[in-house]
Amino acid sequence: MATKYKGYMGNMLRVDLTSGKISEFDVTDKEREMFLGNKSLATKILMDNQRPGRDPLSEEAMLIFNTGPLVGSGAPCTSRFNVTAKSPLTGGIGTSNCGGNFGVNLKKCGYDAIVVTGKAEKPVYIDVTEGKAEIKDASHLWGKDTEQTQEALDPKSGKVVIGPAGENIVKYACIISQERAAGRCGLGAVMGSKNLKAIQAKGSMKVPVADPEGFKKAIQAWISVLKNHPITGDNLPKYGTAGLVNKVNIGNALPTGNYQKGHYEDGEMLSGETLAEKYLVKNMGCLSCPIRCGRVVEVDGKQVKGPEFETLGLFGSNMYNNDIPKINAWNRQMDLLGVDTISCGNTICFAMELNEKGMLKSDLKFGKFDNIAQTIDDIAYRRGLGNELAEGSRALAEKYGGKDFAINVKGLEIASYDPRSAVGLGLGYATANRGGCHLNAGYMMFMERIAPINVDPYSTSSKPGLTIFQQNTFEAVSASGCCLFTTYAIFPPIAFRIKPFGIAARIVSKVMGASGPVMNHFGKLLPWGAPIHVPIMIPHSLALAKLTGMKMSLGKFILAGERCFNIERLFNFREGVRGEFDTLPGRFLKEPMDPSKPKKTVVPLGKMLPVYYKVRGWAPDGTPGVRRLKKLGLSHFVSKG
Amino acid sequence: MPEIKVKFYALLRSKVGRDEMTVTASRLKDVMNVLKRDLGPEAVKVISSCHVYINQDNVAFLKGERTSLKEGDVVHILPPTGGG
C-alpha cells in the first residue's frame with residue numbers, strides 16, 4: 001500500500017479498452033488530503049489526464065469509477081461510489097453518485113478507483129478480483145436489460161451495468177448497480193460508447209482503519225443520531241423520498257404541467273402516504289444504511305424498486321397523472337432500460353407542451369398516458385420521435401424552439417422542485433456545476449421548506465451565503481463516500497423540539513433573513529475558523545479523522561468541499577461552460593407562478609448571482625478568482641490555461 | 001366563526017387516527033386550542049414539531065398562531081419530512 005492514510009486501499013486501476021492494457025497507478029497523499037475521494041478526486045484525475053475539448057463519446061474520453069475513504073468502512077450510509085466523466089448531455093462535468101454494491105466490492109478487491117479509456121472492438125465487461133482485472137467478452141450480454149445483465153454475472157460480485165439506453169447512446173442513459181442508479185448526466189452513454197456493458201468486482205479485503213476504537217465510537221454515535229432523528233429515523237424509513245410530495249405540493253413547488261404551475265390538485269394521490277398505505281410491500285436500503293429509504297412495490301406480480309420523489313413528480317403531477325401504479329411500472333421500465341427518470345420525465349413533458357403550443361406535433365399530450373411506455377421504449381432504442389427525445393430537452397429546444405420552457409440548466413434537466421417557491425434553490429440550480437441538479441445546487445429547499453427553522457423561501461437575503469455553505473458541505477460529504485441524507489443532521493434532533501411556527505423559530509428565521517452580509521460570509525469564514533468537530537451536526541469529519549489518520553477538522557472538511565466545487569467549475573470553464581451558463585429557464589425568471597404576486601413568484605436571480613460570485617471569490621463574470629484558487633491550492637489550473 | 005378544514009400528514013395521521021377534521025376558528029391559535037382539547041397530549045407534542053401552512057403559505061412567515069382565518073381556509077399540519 002502506497003498511502004500512509006488508512007481508509008484507502010492505496011491503488012487504482014487504469015483500463016484501456018482500445019489496447020486491452022491494464023495497469024495500476026495511484027494518487028499522492030497530498031491529493032487525498034485535498035480532495036478526499038469520489039467525485040472530487042475523480043475530477044482532479046480528469047483535469048490532469050484528459051485533454052480539453054475532447055468529445056465525451058470519443059475513445060480518448062475517460063470514465064472514472066471512484067470511491068471515498070468511508071466506503072466499505074462500516075460507517076453508516078457509506079456504500080456510495082461515484083462515476084465521473086465529461087457529460088455527453090451537458091458538455092460540462094458529469095458526475096453521478098450511487099448506492100448499490102459496486103463501490104464496497106471494488107475496495108474489497110484492493111482498488112479505490114477504476115479509470116476506463118478507449119473503446120473495445122466488441123462488447124466487453126471488466127472482471128475485477130483481488131489485485132487483478134481482466135477484460136472479458138460481453139457479446140452474450142449486449143442487448144440485455146440491466147436486471148438480466150446483473151443476473152448473468154457473478155452473483156457474489158458487486159456490479160455496474162448499462163441497459164439498452166446506454167448501448168444506444170441515449171444522452172441521459174444511466175448506470176445501474178443492484179436497484180440503484182448513477183442516474184444523471186448520461187454516463188451510461190459514455191459506458192456504451194466504449195462498448196463496455198458492465199464491470200463486476202469480487203474480493204474479500206478489508207478497509208484499514210487508523211484508530212479502530214475511536215472510529216467505532218464515532219460511528220456508534222453517528223448511527224444513534226441518524227436513528228433518533230425525526231427525518232432519517234422516522235420519516236424516510238416510513239415514507240421514503242416520496243414523503244416530500246405533500247409538503248412540496250402544499251408549498252406550491254411541485255412541477256405541474258411542465259412547471260406551468262406548482263400545485264397539483266391530486267397531489268395527495270401521488271404522496272408518500274398513499275404509496276405507503278396502498279402500494280408499499282416493504283422498504284429497503286443500501287449496504288450499511290440504517291435509514292432504508294428505498295421502496296419496494298409490486299409490478300406485474302414481481303417485487304421491484306419503487307419510485308423516488310423525483311419520478312413521482314415528473315411522471316405524475318408534471319404530466320397531470322395521479323396514478324401511482326402507472327409510475328411504478330414506468331419507473332421499473334426505465335430502470336431496466338437504463339434511463340435517467342429525471343431527464344426522461346422532463347423531456348417528455350417538454351414535448352407535451354411543444355405539442356400543446358403547436359411547435360412539435362406528436363401524440364404526447366398532458367393527461368394522456370397510454371403512449372408513455374411506448375415512448376420510453378422508443379427513447380431507449382432511439383426509434384422515431386424517441387430518437388429526438390433521447391438527445392434531451394436542450395437539444396429538442398434548439399430544433400423546435402421553446403427554450404424558455406425547456407426545463408434544464410446547462411443542458412441537465414432539473415429536479416422535481418419549482419424554484420419560484422424556493423428562490424435559494426433557484427440560485428443553486430443556476431450555479432450547480434453539473435447543471436439542473438438539486439443536490440449539486442446545495443438543496444436550499446431544505447433551508448427554505450423542510451428544516452425546523454426555515455428562511456423565507458421568497459427572500460433573497462442571505463441566500464448566497466447559505467447556498468455556498470450547503471454546496472460546499474454536500475461536495476465534502478460526497479467526496480468522503482457518504483450518502484447526502486446524512487446531512488439532515490445539520491439540524492440535529494434537538495432542533496426539532498423548536499416549534500416551527502412558534503415565536504422562537506420565527507425570531508431566529510427573521511434574524512437569519514436579516515443578517516444577509518453575515519450569512520453571506522459564514523461559509524467563507526468557516527473553513528479558516530473551525531479546527532474542531534461538531535459530530536452531532538456534521539459527523540463526517542470526526543469519522544474521517546479516526547478512519548484515515550488525517551489531521552481532519554470540520555473546517556478542513558468544508559474546505560475540501562469548496563475545493564471540489566471549484567475544481568468542477570474549472571473543468572466546466574475549460575470545456576466552455578462558463579458564467580453565462582449560470583442561469584435558469586426563462587419560465588422561472590419571467591413567468592410568475594402566482595400572477596397576483598408577480599414580484600414574489602419569479603426567481604430574482606439577477607439580485608443573488610453577483611453576491612454569490614463575490615462571496616465565492618469569483619469575478620463578476622463568474623470566473624473563479626486566482627486569489628481564492630490559491631488558497632484552495634488550485635491556481636495552477638488557471639496558469640496552465 | 002369561519003369553518004376551517006384541518007389536514008394532517010405523514011406520521012401525524014396515525015397519532016390522531018384521522019386524515020382531517022373540521023373546526024370553527026377565526027385565528028390559528030383557536031385551531032390549536034381545539035386540537036389540544038380533542039386530540040390529546042401525544043398528538044399535540046407531535047404537532048408542536050410540525051410545519052403549519054394555511055392554504056399554500058407557511059404561517060412562520062405570516063403571524064404565527066395569531067394569523068387570522070377565513071371561511072374555506074385549509075390548515076395543513078406537516079411533520080418533518082425529508083427526501084430529494
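Any value given below was found using the heavy atoms of this structure, including those in side chains, with hydrogens, waters and symmetry copies removed. All chains are named by letter (A, B, ...) in the order of the sequence lines, taking the proteins before the strands, and each is independently numbered beginning at 1.
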*With a 4.5 Å heavy-atom cut-off (strictly below), which parts of residues 236-247 of chain A touch chain B? List them by number.*
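Hits under 4.5 Å: A/L236, A/K238, A/Y239, A/G240, A/T241, A/G243, A/L244, A/N246, A/K247.
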Side chain, backbone, both or neither: which part of [X] has an atom under 4.5 Å from a heavy atom of chain B?
X	result
A/F485	side chain
A/F446	neither
A/V455	backbone
A/I498	backbone

_Just checking B/E71: does its CD atom have more than 12 heavy atoms from other residues, nucleotides or ligands closer to it than 6.0 angstrom?_
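Atom CD in B/E71 is packed in, count exceeds 12.
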_Contact listing (chain A partner; residues 43-69 of chain B; heavy atom under 4.5 Å)_ =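 Within residues 43-69 of chain B, the residues under 4.5 Å from chain A are B/I47, B/S48, B/S49, B/C50, B/H51, B/V52, B/Y53, B/N55, B/Q56, B/D57, B/N58, B/V59, B/A60, B/F61, B/L62, B/K63, B/G64, B/E65.
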_Sort by residue number and list every residue of residues 19-26 of chain B having at least one heavy atom under 4.5 Å from chain A._
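Within residues 19-26 of chain B, no residue comes under 4.5 Å of chain A, counting heavy atoms only.
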Among [options], who wins on heavy-atom pairs under 4.5 Å with chain B?
options	value
A/M445, A/R449, A/K510	A/R449
A/V248, A/D234, A/D456	A/D456
A/R497, A/H263, A/E310, A/E308	A/H263

*Does any pair with a residue in residues 5-27 of chain B pass ring pair (Phe, Tyr, Trp, His ring centres under 6.0 Å), and if so which ones, sequence neighbours excluded?*
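Every ring pair (Phe, Tyr, Trp, His ring centres under 6.0 Å) pair that includes a residue of residues 5-27 of chain B, provided the two are not neighbours, is B/Y9-B/H76.
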*Hey, is A/E268 close enough to B/R13 for a salt bridge, meaning N to O under 4.0 Å?*
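The answer is yes: the pair qualifies as a salt bridge.
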*Indicate yes or no for a side-chain donor-acceptor contact from A/Y488 to the backbone of B/G83 under 3.5 Å, with no hydrogens or angles considered.*
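Between the backbone of B/G83 and the side chain of A/Y488 there is a qualifying donor-acceptor contact (under 3.5 Å).
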